[in-house]
Amino acid sequence: ESGQQEISTYYARS
Amino acid sequence: MFEARLVEGSLLKKVMESIKDLLNEASWDCSGNGMCLQAMDSSHVALVSLMLKSDGFENYRCDRSISLGINLASMSKILKCASNDDIITIRAEDDADAITFMFESPKQDRVSDYEMKLMNLDTEHLGIPDTEYACVIKMPSGEFSRICRDLSVLGDSVIICCTKDGVRFSAKGDLGNGNIKLAQSANVDKEEEAVVVDMREAVTLTFSLRYLNFFTKAAPLSSQVSLSMSEDVPLMVEYKINDKEGDSKGYVRYYLAPKIED
């Protein structure tokens, strides 16, 4: 979808 | 050895229904604290974080922490073989390549067991920091489901605007536009019917209705849902998992990044 950010943009991989 | 027995087995059936359309496969991480699952959907847009607390089970034994890689569609199909009033026991040996589900009727006159193969999954975990959200909206879960369903008629996205007066959900598309305003409940006899806004700062964010509609599959788990929002961070949609007596057995939390203007 246009404008939809991925969640990993916000939360770092742990 | 891992073994967990849930007398209100329908809760596990509902938990599976709440995630099976969003996730294909995931690992149940079992420890002394309970059963946890964290996974992103295949497009890495939404994140599910699920907890079933060990003390929410009638019997719970976890000799050492194990990770059970599961095809969720398969597990959901197997759990559909359990009646709603069945007692469900999950069992896995250490280093086993299969998991067993046992369903007992309340009178113990029918016992079935199903063995399902486990998967080797290379799962990624995301660190979700503790967040003080600018707005936390609590509302009846059925109301939230209806808003998401109704506004999907108009568009792909919903703008959620939370102020001290209440919450406004808006959508627009080729057809036209629609707005649903919810005021905070002044006096409600039943807590589960209340709309409560806990606001530090007004927030307006846009989210994909396609994903929110996936999240509302958890509505049968809880009469209330909470939406936690802050500018520029993912929305958290939480359904608490409570038993018939109202005791907390865990939660299903969904995280969704806001949409931004192109």
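Chain letters run A, B, ... following the sequence lines, proteins first, then strands; residues in each count from 1. None of these values were measured; they are calculated from a predicted model.
Atom NZ of B:Lys217 is surrounded by 12 or fewer heavy atoms from other residues, nucleotides or ligands within 6.0 Å. The neighbour count for B:Glu201 CD, taken as heavy atoms of other residues, nucleotides or ligands under 6.0 Å away, does not exceed 12. Annotation: B:Lys259, atom NZ; neighbour count of heavy atoms from other residues, nucleotides and ligands within 6.0 Å is above 12. Counting non-hydrogen atoms of other residues, nucleotides and ligands closer than 6.0 Å to CG of B:Asp150 gives a total above 12. A 6.0 Å sphere centred on CG of B:Asp94 holds more than 12 heavy atoms belonging to other residues, nucleotides or ligands.
Between B:Gly127 and A:Tyr11, the shortest heavy-atom contact is O-CB, 3.5 Å. Heavy-atom minimum distance, B:Ala257 versus A:Glu6: CB-O, 4.3 Å.
Using a 4.5 Å cut-off between heavy atoms, B:Thr206 makes no contact with chain A at all. Using a 4.5 Å cut-off between heavy atoms, B:Phe207 does not touch chain A at all. With a threshold of 4.5 angstrom between heavy atoms, B:Asp232 approaches chain A through N, CA, C or O but not through any side-chain atom.
Using a 4.5 Å heavy-atom cutoff, the side chains of A:Gln4 and B:Leu256 are in contact.
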